[in-house]
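In what follows, every heavy atom counts, from backbone to side chain, and hydrogens, waters and symmetry copies are set aside. All residue numbers refer to positions in the sequence shown, counting from 1.
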Amino acid sequence: MDSTASASLASLWDEVTGTQPDPDLWVVIATLAAALVVVTPHGLWRLSRNAITIAHEGGHGIVALFTGRTLTGIRLHSDTSGLTVSRGKPTGIGMILTAAAGYTAPPLLGLGGAALLGAGRITLLLWLATVLLVAMLVMIRNAYGALTVLLTGGMFVLVSWLAGPQVQAAFAYAVVWFLLLGGVRPAFELQAKRARGGAGDSDADQLSRLTHVPAGLWFFLFHAVSLCSLLGGGRWLLGL
């Protein structure tokens, strides 16, 4: 019995950490087109942006933990905004990195995902995403946020366990394209909102108060990270 269980675990480990064949180029192009469709039109973006908010707030949370802060909770709202609360020193490098992690998290996650897909690690990508979503669910503190994370995580579980290799590959590529493309738009939206006199307490404004660096330079950082991630990740996904 023990040997059978050990063999099963070894087989599962080999499947998760092993490589899978790259999908056909037309699949890569089709998933790129699909990601553009859900990111570009306002109506679809209004819905799909919830997934970017998950990555945004998750970025705040992960970096808060890595810098020694105490993560007390994450809230996701139906207007696609979110809030991550952590306890710790109100100034210093830990707080700066935590504040900077939000708008940079989606494109950097997309870049990391593109690196995994470029190396043929499709299954590993799906499992890592599922683990991160489960970990985030533990820290969610409102019903809408819990529902959003549960539905998102449920999709990854269903694809990981029930779908065939081609469907898994298409799903993984679509997710990564979405993170890369969807990671570009929020900073531009926030900048436009601030130009109209709104969002006075945005991440960029908080970073400006923490560092005495103008908010415009933080927007430059957000744009640079998202656009460079898109270019670099796109090259990996297209095999260039």
Check your understanding: Is there a side-chain contact between Tyr173 and Leu32, using heavy atoms and a 4.5 Å cut-off?
Key ->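 With C-beta onward as the side chain, the pair stays apart.
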Point to revise | Close side-chain approach of Leu132 to Trp127, heavy-atom, < 4.5 Å | key: no
Practice item. Test Asp203 against His60 for side-chain contact (heavy atoms from CB on, under 4.5 Å), laying out the working first. Key: CA-CA 10 Å; Asp203 290 357; His60 284 313; 3.1 Å; yes
State plainly whether one hydrophobic cluster holds both [X] and [Y], where clusters connect Ile, Leu, Val, Met, Phe, Trp and Tyr through side-chain heavy atoms under 4.5 angstrom apart.
{"X": "Val131", "Y": "Ile140", "value": "no"}
{"X": "Ile62", "Y": "Met95", "value": "no"}
{"X": "Val38", "Y": "Leu36", "value": "yes"}
{"X": "Trp177", "Y": "Leu25", "value": "yes"}
{"X": "Val63", "Y": "Leu71", "value": "no"}

So how far is it from [X] [atom1] to [Y] [atom2], rounded to the nearest 0.5 Å?
{"X": "Leu125", "Y": "Gln168", "atom1": "CG", "atom2": "CD", "answer": "10.5 Å"}
{"X": "Leu116", "Y": "Thr123", "atom1": "CG", "atom2": "OG1", "answer": "11.0 Å"}
{"X": "Ile74", "Y": "Leu76", "atom1": "CD1", "atom2": "CG", "answer": "7.0 Å"}
{"X": "Leu126", "Y": "Met155", "atom1": "CG", "atom2": "CE", "answer": "11.5 Å"}
{"X": "Thr148", "Y": "Leu137", "atom1": "OG1", "atom2": "CG", "answer": "10.5 Å"}
{"X": "Leu133", "Y": "Leu150", "atom1": "CG", "atom2": "CG", "answer": "9.5 Å"}

Exercise for review: Report yes or no: does Ser48 contribute a side-chain atom to a donor-acceptor pair with the main-chain N or O of Leu44 at less than 3.5 Å?
Suggested key: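 Confirmed, Ser48 side chain pairs with Leu44 backbone.
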Check your understanding: Is there a donor-acceptor contact under 3.5 Å from the side chain of Thr53 to the main chain of Thr80?
Key ->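 It does hold such a pair.
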Check your understanding: Parallel, tilted or perpendicular: which describes the rings of Phe222 and Trp218, with under 30° parallel and over 60° perpendicular?
Key -> tilted
Check your understanding: Under 30°, 30 to 60°, or over 60°: which ring-plane class applies to Phe156 and Phe171, parallel, tilted or perpendicular?
Key ->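 It falls in the perpendicular class, over 60°.
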Point to revise | Residue pair Gln191, His223: steps toward the side-chain contact (heavy atoms from CB on, under 4.5 Å) verdict | key: CA-CA 10 Å; Gln191 202 165 13; His223 294 321; 2.7 Å; yes
Point to revise | Pairs meeting criterion side chain to side chain donor-acceptor pair (under 3.5 Å) with involvement of residues 86-106, two or more places apart | key: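 Side chain to side chain donor-acceptor pair (under 3.5 Å) check on residues 86-106 returns Arg69-Ser86.
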Practice item. Would you list the pairs meeting salt bridge (Lys or Arg N to Asp or Glu O under 4.0 Å) in which at least one residue belongs to residues 27-50, sequence neighbours left out? Key: Arg49-Glu189
**Study point:** Audit row: Leu65, Thr70, side-chain contact (heavy atoms from CB on, under 4.5 Å) steps and yes/no
**Key:** CA-CA 6 Å; Leu65 291 173; Thr70 300; over 6 Å; no
Point to revise | Partners meeting side-chain contact (heavy atoms from CB on, under 4.5 Å) with Ser229 (sequence neighbours left out) | key: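 side-chain contact (heavy atoms from CB on, under 4.5 Å) list for Ser229, sorted by chain: Pro107, Leu108, Leu111, Leu180, Val225.
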Which atom pair, heavy atoms only, marks the closest approach of [X] to [Y]?
{"X": "Ala187", "Y": "Phe219", "value": "O-CE2, 3.7 Å"}
{"X": "Asn142", "Y": "His77", "value": "ND2-CD2, 4.0 Å"}
{"X": "Ala99", "Y": "Leu207", "value": "CB-CD2, 3.6 Å"}
{"X": "Ile54", "Y": "Met136", "value": "O-CE, 3.3 Å"}
{"X": "Arg185", "Y": "Thr40", "value": "NH1-O, 3.0 Å"}
{"X": "Pro23", "Y": "Val28", "value": "CG-CG2, 4.0 Å"}

Review point. Does the pair Ser202 and Asp205 meet the rule for a side-chain hydrogen bond (donor to acceptor under 3.5 Å, both in side chains), with working shown?
Key: CA-CA 5 Å; Ser202 68; Asp205 293 291; 2.6 Å; yes
Exercise for review: Take Ile93 and Thr67, measure what side-chain contact (heavy atoms from CB on, under 4.5 Å) needs, and give me the verdict at the end.
Suggested key: CA-CA 8 Å; Ile93 188 64; Thr67 56; over 6 Å; no
Exercise for review: Tell me, yes or no, whether the heavy-atom count around Arg209 atom CZ, taken from other residues, nucleotides or ligands under 6.0 Å, exceeds 12.
Suggested key: yes
Exercise for review: Please lay out, stage by stage, how Asp79 and Tyr144 fare under the test side-chain hydrogen bond (donor to acceptor under 3.5 Å, both in side chains).
Suggested key: CA-CA 11 Å; Asp79 63 354; Tyr144 181 83; over 6 Å; no
